[in-house]
Amino acid sequence: MNASATNSEPSPSTPAPSPPSTLWPRAAEPPSVEEARALQDRLAPEVRAEPLDVERVGLVAGLDVSYTEGRLVAAAVVLSARTLEVVDSATVASEPRFPYVPGLFAFRELPPLIDAIDRLGTAPDVFVCDGFGLAHPRRFGLACHLGVLLDRPTLGVGKTPFVGRAEPPAPERGAWSPLVDDGEVVGRALRTRTGVKPVYVSIGHRVDLDSATELVLRMAPNYRIPEPIRRADRLSRDHLGV
DNA sequence: GCGACAG
DNA sequence: ATCTTGTCGC
């Protein structure tokens, strides 16, 4: 549609290249910090919140990345939503190609995570990310980015607050309070274990906050961190040799 | 301008 | 993320 919207140097005889930043992370070069923020602003309107029938979710994927001196291992672990048993998994070893910059987490972890997901032999119904989705300065955290990229349901689970504020939920498991940023509800502080500090849930794409909350609670019957993420964390760490 | 800042 | 021991509590 907007074929002339991209400003680039005149290229005399080169076939029109597709817009590189739009295709990221398939693009060869990582974007600059400025380009990365602009890309988030451009893609944020694509995010859709819609109800997800949690009863009918069969497979849930957990994603995480572990690091050690210039190396990283990304892991994707697929669990049966009903039994929480691992039915599939994949890892990929690589090197960080983008620094850790708060707000640009996806540009660091998405490339290896995509690779790991590509190596799966199953098609998960939902992807659970270690981090945030809508609860992000530009409303486009890692979980949103992955969801829009795959056009699949995604959600984020963070261990510490990033943006917004939430009252402490009641101490019982299942209790939650809205996570509000700039007058907007961007997620929930959710108690997955009675008497233990909450996790922070936000939608990524193609789920709504109620569905996300229900799913996270279901995936975390015994520990604070949802089982898919726990397994991905362990797998990536083991594969790294730490 | 200063501090805060997912993992 | 990672660097790190013991310790309080169910």
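A, B, ... follow the sequence lines: proteins, then strands. Residue 1 opens every chain.
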Scan [X] against the nucleic acid and name what it touches under 4.0 Å (heavy atoms): base, sugar-phosphate only, or nothing.
| X | value |
| --- | --- |
| A:Arg237 | sugar-phosphate |
| A:Gly158 | sugar-phosphate |
| A:Ser66 | sugar-phosphate |
| A:Phe132 | base |
| A:Leu113 | nothing |
| A:Gly103 | base |
| A:Pro137 | nothing |
| A:Leu72 | nothing |

When you measure from the side chain of [X] to the backbone N and O of [Y], does any donor-acceptor pair fall under 3.5 Å?
| X | Y | value |
| --- | --- | --- |
| A:Arg138 | A:Asp41 | no |
| A:Arg188 | A:Ala212 | no |
| A:Thr194 | A:Arg173 | yes |

Worksheet item: Mind checking whether A:Val216 and A:Thr192 have side chains closer than 4.5 Å, heavy atoms only?
Response: yes
Discussion item. Test salt bridge (Lys or Arg N to Asp or Glu O under 4.0 Å) on A:Glu29 and A:Arg97; report intermediate values, then the result.
Written reply: CA-CA 9 Å; A:Glu29 300 305 319; A:Arg97 289 173 185 175; over 6 Å; no
Fill in: Contact boundaries on DNA chain B for chain A, cut-off under 4.0 Å to non-hydrogen atoms
B:dC5 to B:dG7
Measure the distance from [atom1] on [X] to [atom2] on [N] and round it to the nearest whole Å.
| X | N | atom1 | atom2 | answer |
| --- | --- | --- | --- | --- |
| A:Phe162 | C:dA1 | CZ | C1' | 15 Å |
| A:Asp238 | C:dA1 | CG | P | 15 Å |
| A:Glu109 | C:dA1 | CD | P | 9 Å |

Worksheet item: Is A:Arg230 close enough and on-axis enough to A:Tyr223, meaning under 6.0 Å and within 45°, for cation-pi?
Response: yes
Worksheet item: Does A:Val33 share a hydrophobic cluster with A:Tyr100, counting links as ILVMFWY side-chain heavy atoms below 4.5 Å and allowing steps through other members?
Response: yes
Worksheet entry | Bracket string, DNA chain C, 5' to 3' - pairs by Watson-Crick or G-U geometry under 3.5 Å, | interstrand | ..........
Practice prompt. Compare side-chain N and O positions of A:Arg193 against OP1 and OP2 of C:dC10 and report whether any pair is under 4.0 Å apart.
Written response: no
